Amino acid sequence: MSTDKRNIWVGAFVLVAVGLFLSRGADRIAETAPPRGPGLGHQVSLETAAAWDISIPPDGHNLPPGSGTVAAGEKLYLARCINCHGKRGRGLSAEELVGGVDGLTGDYPEKTVGSYWPYATTLFDYIRRAMPQDAPLSLTSDEIYALCAYLLFLNGVVAEADVMNAATLSAVEMPNREGFVRINEMAR
Amino acid sequence: MDGNDPSKDKKSPRRRAAATGPAEPLPTDPVAGGGLLHRRLFLKSGAALGSAAALGVTGTFAFAAYGEESALEPPGEMPPMPPATPPWMKTPGGPLTNYGQPSPHEKKVIRWITSNQSSPGNGVSWTPLQDLEGAMTPNGLHFERHHNGVPAIVPEQHRLLIHGLVARPLTFTVDDLLRYPMMSRLCFVECGGNSNAGWNPRPLQARAGHLHGLASCSEWSGVPLAVLLDEAGIDQTQAKWLYAEGADAAAVGASIPVAKAFDGAFVALYQNGERLRPENGYPMRLLIPGWEGVTNIKWLRRLKVVAEPMMSRDETSKYTELVPDGTARQFTFVMDAKSLITAPSPGKKMQGPGLYQITGLAWSGRGRIARVEVSADGGASWAEAELQEPVLPHCFTRFRIPWDWQGAPAVLQSRAVDETGYVQPTREALVAARGTHGYFHYNAIVSWRVSAEGKVSHVYG
């Protein structure tokens, strides 16, 4: 048998096998799976997906390399944040970033980063994606760590000498860590 | 339910004087205090017609019109007849248009904007519910809540990425999704912060839409999320949450239980038949019927399949509700049943005693509206309102009831009950359960006071 002929036979066998597999698969799908789409999605590499991924979960596993100090954060705050958030995170047009030391049960509870936020990782995530509001996604990782350090220091959560990086930020225990109760049954 | 049995209503101002012995109730007898009439009065036979005329209120079958509080015209005067053949019948009309606009005489029907003065794209605009009829919201009047403006997305440059706990990370172009099998749903979208003026110790004076118009209702069409997640090969054992993220300048995100993704959620591409408006998520958004607005991520660009919620800012710092013991309700997702009377409502004015149509909207994130009850005596007695068909789950439902207003001060309320039996709470009950610092998910009964002069104001209880 010539190689050409043999290839044809092998090809035919493969076709039949694939056909059988597909038709059995189709039966199974019809019974159990939701309606199938036309399958037009384009597969991307894990690297591409990672480049799009700007979210930081509470365990901090997606935090980038880099670090920042309270002093560096204060400098940046004066340059990039104070116009909206006021001196030391209080006052002016935007939200209070500091305060609520009297707790959350009184007549005028203040929900701030220090008094209310359950995770410090959220601060990195949010500043990176949304702040400064007039130029989101413009800060470097070092700058964001520094701003986290400064805001956590102003809230009395970290010490003035503390340096924030992927490991230290994920390890910060926020005062209101246990303050949330999941309501929807799907969320439990 | 208390006091809505008409036969027990001895205070009825319209019992027939000439009645002898135990009379059959007339269709025009009030069915609850304050002059509420049977919801089907006008759907009944000619007999009802005759007795309605016998009301002697308007002498006809028509409802009195609500005026505008600012209107200068005294009520009651019939404007002079216009010419038998008006000018627009004597000259050719305007040209055809590529995209129609509302009449120039309806310029006052607009979204009311409240935004941050130092960043105008951070704020809300309210649907003018008091000016609309039916259940659907025109696209240009759908409420807005943006955290940092409306992004100017070029559709060819937009992708939806699905990644995380999947076999194959996938991207979809807009054109890809337009080729998928579509589904449509008529449903409301409501901001979790809608109606939150109700937490104030004193009732704010504003129009109905400016208090409750962060809710709108549309027909949305798009691709079931389940189809896309299946295509990416979601890891059924570990996948518990989806983190959805928008392509706006705040990259607003929300974590959604995976179970919900397979329970009616879809990626919407069309709103009321046309492609999404930029302010409603163009070119694609998440739609989760009945769930809090912020989970319906606009400008959807990314879905990350994960095991735990992301705990992003808008599901921790915001869209959570502080309760009196100092803890906060989180992932409250479902919008509980709510209703409100849109006419009469603040800013509208009664034009003297007469027969009026009370109308309003009811909706529930739990499913269908089962019934709406209306009170004209501050909740002492209730009458069932007529629901406009179709009554659909997670959809605005229009209700109406006739009202014989005799000119006495009255407090109007509406109360929604949904198919799960959930009853819209009084403000007192809601505040007792949640305190006043929750900020989100205010859904208490709304009260409008009608004064003897016919002015309508917002009151509590």
Side-chain angles (χ1 to χ4, degrees), chain A residues 33-46 48-50 52-59 83-84 92-95 103-105 107-109 111-113 116-119 121-123 125-126 128-131 133-137 176 178-188, chain B residues 116-119 122 147-148 159 161-164 168-173 176-177 179-181 223-224 226-228 230-232 243 245 249-253 255 257 259-260 262-263 301-302 304 306 308-313 316-317 320 322 324-334 437:
Chain A
R36 297 267 153 184
L40 301 174
H42 312 269
Q43 190 158 350
V44 291
S45 68
L46 292 174
T48 303
W52 279 54
D53 188 354
I54 56 169
S55 48
I56 312 290
D59 67 10
N83 283 350
C84 296
L92 299 191
S93 68
E95 322 228 286
L104 297 167
T105 49
D107 282 345
Y108 302 98
K111 293 177 263 184
T112 69
V113 171
Y116 196 61
W117 289 36
Y119 299 100
T121 45
T122 309
L123 197 52
D125 173 294
Y126 183 70
R128 177 163 70 175
R129 70 175 61 223
M131 292 294 139
Q133 205 174 35
D134 44 5
L137 293 171
N176 197 36
E178 303 301 331
F180 293 82
V181 180
R182 298 182 183 197
I183 299 300
N184 191 278
E185 68 269 9
M186 286 186 185
R188 288 178 202 141
Chain B
N116 184 332
Q117 49 185 13
S118 64
S119 52
N122 176 27
H147 289 261
N148 204 6
R159 295 288 183 279
L161 168 68
I162 300 182
H163 71 126
R168 297 166 290 280
L170 295 177
T171 62
F172 298 86
T173 66
D176 290 336
L177 293 185
R179 292 168 61 194
Y180 275 66
V223 182
V227 172
L228 303 177
D230 268 0
E231 187 176 331
Y243 177 70
E245 179 181 85
V252 172
S255 303
K260 193 63 189 172
F262 288 88
D263 178 31
R301 75 167 211 136
R302 193 163 72 89
K304 185 174 187 182
V306 288
E308 296 288 340
M310 202 60 75
M311 299 298 183
S312 61
R313 184 259 193 172
T316 54
S317 169
T320 53
L322 186 61
D325 71 0
T327 65
R329 293 158 54 87
Q330 188 183 30
F331 303 125
T332 20
F333 299 142
V334 175
H437 300 300

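All chains are named by letter (A, B, ...) in the order of the sequence lines, taking the proteins before the strands, and each is independently numbered beginning at 1. The structure displayed is predicted, hence computed values, not measured ones.
Interface residue B:E308: only side-chain heavy atoms are found under 4.5 Å from chain A. For B:Y243, the part lying near chain A is the side chain, with the backbone staying farther off; criterion is any non-hydrogen pair under 4.5 Å. A:W117 touches chain B through its side chain: at least one heavy atom from C-beta onward sits under 4.5 Å away, while N, CA, C and O do not. Neither the backbone nor the side chain of A:E178 comes within less than 4.5 Å of any heavy atom of chain B. Both the backbone and the side chain of A:D53 come within contact range of chain B, each with at least one heavy atom under 4.5 Å from a heavy atom of that chain. Within the 4.5 angstrom heavy-atom criterion, only backbone atoms of A:I56 (N, CA, C, O) approach chain B.
Rounded to the nearest 0.5 angstrom, A:H42 NE2 and B:D176 CG are separated by 3.5 Å. With rounding to the nearest 0.5 angstrom, the CH2 atom of A:W52 is 9.5 Å from the NE2 atom of B:H163. Rounding to the nearest 0.5 angstrom, the gap separating the OG atom in A:S55 from the NZ atom in B:K304 is 5.0 Å.
Under a 3.5 Å cut-off, the side chain of A:Q133 and the backbone N or O of B:H147 do form a donor-acceptor pair. Under the 3.5 Å distance criterion, the side-chain polar atoms of B:E231 are matched with a main-chain donor or acceptor of A:G41. Judged by distance alone, the side chain of B:H437 and the main-chain N or O of A:D107 form a donor-acceptor pair under 3.5 Å.
Scanning all heavy atoms of the two residues, the minimum distance from A:I54 to B:R302 falls at N-NH2, 3.7 Å. When every heavy atom of B:P169 is checked against every heavy atom of A:L46, the shortest pair comes out as CG-CD2, 3.9 Å. Residues A:V44 and B:L170 come closest through the heavy atom pair CG2-N, 4.4 Å. Of all non-hydrogen atoms in B:L322 and A:L104, the two that sit nearest each other are CD2-O, 3.6 Å. Smallest separation of non-hydrogen atoms from B:T316 and A:T122: OG1-CG2, 4.0 Å. Looking at every heavy atom in both residues, B:N148 comes nearest to A:P136 through ND2-CG, 4.1 Å.
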Go through it in stages, so that I can follow the logic: the residues are A:D125 and B:R313, the test is salt bridge (charged side-chain N to carboxylate O under 4.0 Å, His left out), and I'd like the CA-CA distance, side-chain angles, deciding distance and then a yes or no.
CA-CA 8 Å; A:D125 173 294; B:R313 184 259 193 172; over 6 Å; no
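Taking chain A as the reference chain and counting heavy-atom pairs below 4.5 Å, the highest number among B:F333, B:Y180, B:F172 is found for B:Y180.
Atom CZ of B:R179 is surrounded by 12 or fewer heavy atoms from other residues, nucleotides or ligands within 6.0 Å.
B:K260 places none of its side-chain heavy atoms less than 4.5 Å from the side chain of A:N184.
Using a 3.5 Å distance cut-off with no hydrogens or angles, the side chains of B:S312 and A:R129 do not pair a donor with an acceptor. Side-chain N/O atoms of A:Y126 and B:S317 include no donor and acceptor closer than 3.5 Å.
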